[in-house]
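Please read all numbers here as calculations on a predicted model, not as lab measurements.
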Amino acid sequence: MSTPPLSGGVPYLERLMHCPRRLELARAELGTLLNDYLEAGYVRQVESVLGSLITLDTQGLRELGFMCRPLSCATVTDQLAAHEAYALAKARGYQPVFVSRNYLRLSDTEGREHLLYVRISSGLPSSATIRTLLKKHAPSLRRTGGSLIFYVLRDPNYKGHAKAIQFWEVTNNPP
């Protein structure tokens, strides 16, 4: 069985290559075409801790020239979370200086440097993880008066940590 043509959907697949979409957003962007793309194997729906997400499937990857397998649900979740954390940081007035797979180095208008760690598919950071990250980044955080920020599903209400730690919660209405 051959796959139906994309009818102009290649640019949409390219956007999905860089960042998966929440199901509601994909429906708004594609309308009834979303069901056609799902049935044809261009995109797939995964259920994650962030809800239903749309990402590339095998046929969509082939359409873009990739012969690899689709990404795991955890990777798709972290990809979307990093994208949303970036947008949230920009909306709050931070300027990204460096973007990595699981963290962003940010600067604010006062010249302070902050580290934003994305912690979604791996769960809340443990106290040991927080201590390790504070120790690892203490010189730069002290030098600039910055903070360590975690992008998490819910605020863990940790007690006894320095005021240099913030928790930003995921919302259903990302910026």
(request) Answer yes or no: is there a side-chain heavy-atom contact under 4.5 Å between Leu116 and Tyr151? (result) yes

(message) How long is the straight-line distance from CZ of Arg105 back to CD of Glu113, given to the nearest 0.5 Å?
(response) 4.5 Å

(request) To the nearest 0.5 angstrom, please state how far the CD atom of Glu29 sits from the CD1 atom of Ile54. (result) 10.5 Å

(request) Specify the closest pair of heavy atoms between Ser48 and Leu53, including all atoms of both residues, with the distance to one decimal. (result) OG-CD1, 3.4 Å

(message) Is the shortest side-chain heavy-atom distance between His18 and Gln79 below 4.5 Å?
(response) no

(message) Under a plain distance cut-off of 3.5 Å, with no hydrogens placed, do Ser72 and Thr75 share a side-chain donor-acceptor pair?
(response) yes

(message) Tell me the closest heavy-atom pair linking Leu106 and Pro96, and the distance in Å.
(response) CD2-CA, 3.9 Å

(message) Between Glu14 and Leu64, is the side-chain contact (heavy atoms from CB on, under 4.5 Å) condition met? List the steps.
(response) CA-CA 7 Å; Glu14 289 171 344; Leu64 295 175; 3.5 Å; yes

(message) Under a 3.5 Å distance rule, please check whether Asp108 uses its side chain to pair with a backbone N or O of Gly111 as donor and acceptor.
(response) yes

(request) Could you tell me which non-hydrogen atom of Val118 sits nearest to which non-hydrogen atom of Ala81, and how far apart they are? (result) CG1-CB, 3.6 Å

(request) Mind checking the CD-CG spacing from Glu63 to Leu56? Nearest 0.5 Å is all I need. (result) 10.5 Å

(message) I need the minimum non-hydrogen distance between Val152 and Phe167, along with the two atoms involved.
(response) CG2-CD2, 4.1 Å

(request) Would you kindly confirm whether Val99 and Val97 end up in one hydrophobic cluster when ILVMFWY residues are joined by side chain heavy atoms under 4.5 Å apart? (result) no

(request) Search all heavy atoms of Gly145 against all heavy atoms of Arg112 and return the closest pair with its distance. (result) O-CD, 3.1 Å

(request) Kindly compute the distance separating CZ (Arg69) from CG (Asp57), expressed to the nearest 0.5 Å. (result) 12.5 Å

(request) Evaluate the side-chain proximity of Arg21 to Leu34: yes if any heavy-atom separation is below 4.5 Å, no if none is. (result) no

(request) Tell me yes or no: between the side chains of Glu47 and Ser52, is some donor less than 3.5 Å from an acceptor? (result) yes

(request) Determine, step by step, whether Arg44 and Thr55 satisfy the side-chain contact (heavy atoms from CB on, under 4.5 Å) criterion, reporting the C-alpha distance in whole Å, the side-chain angles of both residues, the deciding distance to 0.1 Å, and the verdict. (result) CA-CA 6 Å; Arg44 68 187 174 112; Thr55 186; 3.8 Å; yes

(message) Count I, L, V, M, F, W, Y as connected when their side-chain heavy atoms are under 4.5 Å apart, and connections chain through other members. Are Tyr37 and Phe66 then in the same cluster?
(response) yes

(message) Please find the pair of heavy atoms, one from Arg27 and one from Asn35, that lie closest to each other, and give the distance.
(response) NH1-OD1, 3.7 Å

(request) Indicate yes or no: at least one non-hydrogen side-chain atom of Leu13 is less than 4.5 angstrom from one of Val43. (result) yes

(request) Check whether the side chains of Gln166 and Ser147 place a donor and an acceptor atom closer than 3.5 Å, and report yes or no. (result) yes

(message) Quick check: is Leu141 connected to Phe98 through a chain of hydrophobic side chains (ILVMFWY, heavy atoms under 4.5 Å apart)?
(response) yes

(message) Are Met17 and Leu38 linked, directly or through intermediate hydrophobic residues, by side-chain heavy-atom contacts shorter than 4.5 Å (ILVMFWY only)?
(response) yes

(request) Using the six-membered ring wherever Trp is involved, compare the ring planes of Trp168 and Tyr94 and label them parallel, tilted or perpendicular (cut-offs 30° and 60°). (result) tilted

(request) Starting from the C-alpha separation in whole Å, work towards a yes-or-no answer on side-chain contact (heavy atoms from CB on, under 4.5 Å) for Thr129 and Leu133. (result) CA-CA 6 Å; Thr129 299; Leu133 291 171; 4.0 Å; yes

(request) Side-chain contact test, heavy atoms from C-beta onward, threshold under 4.5 Å: evaluate it for Tyr117 versus His137 and give yes or no. (result) yes

(message) A side-chain contact here means heavy atoms from C-beta on lying under 4.5 Å apart; do Ile149 and Ile165 qualify?
(response) no

(request) Evaluate the side-chain proximity of Leu80 to Val76: yes if any heavy-atom separation is below 4.5 Å, no if none is. (result) no

(request) Would you mind reporting whether Leu50 and Arg22 have side-chain heavy atoms less than 4.5 Å apart? (result) yes

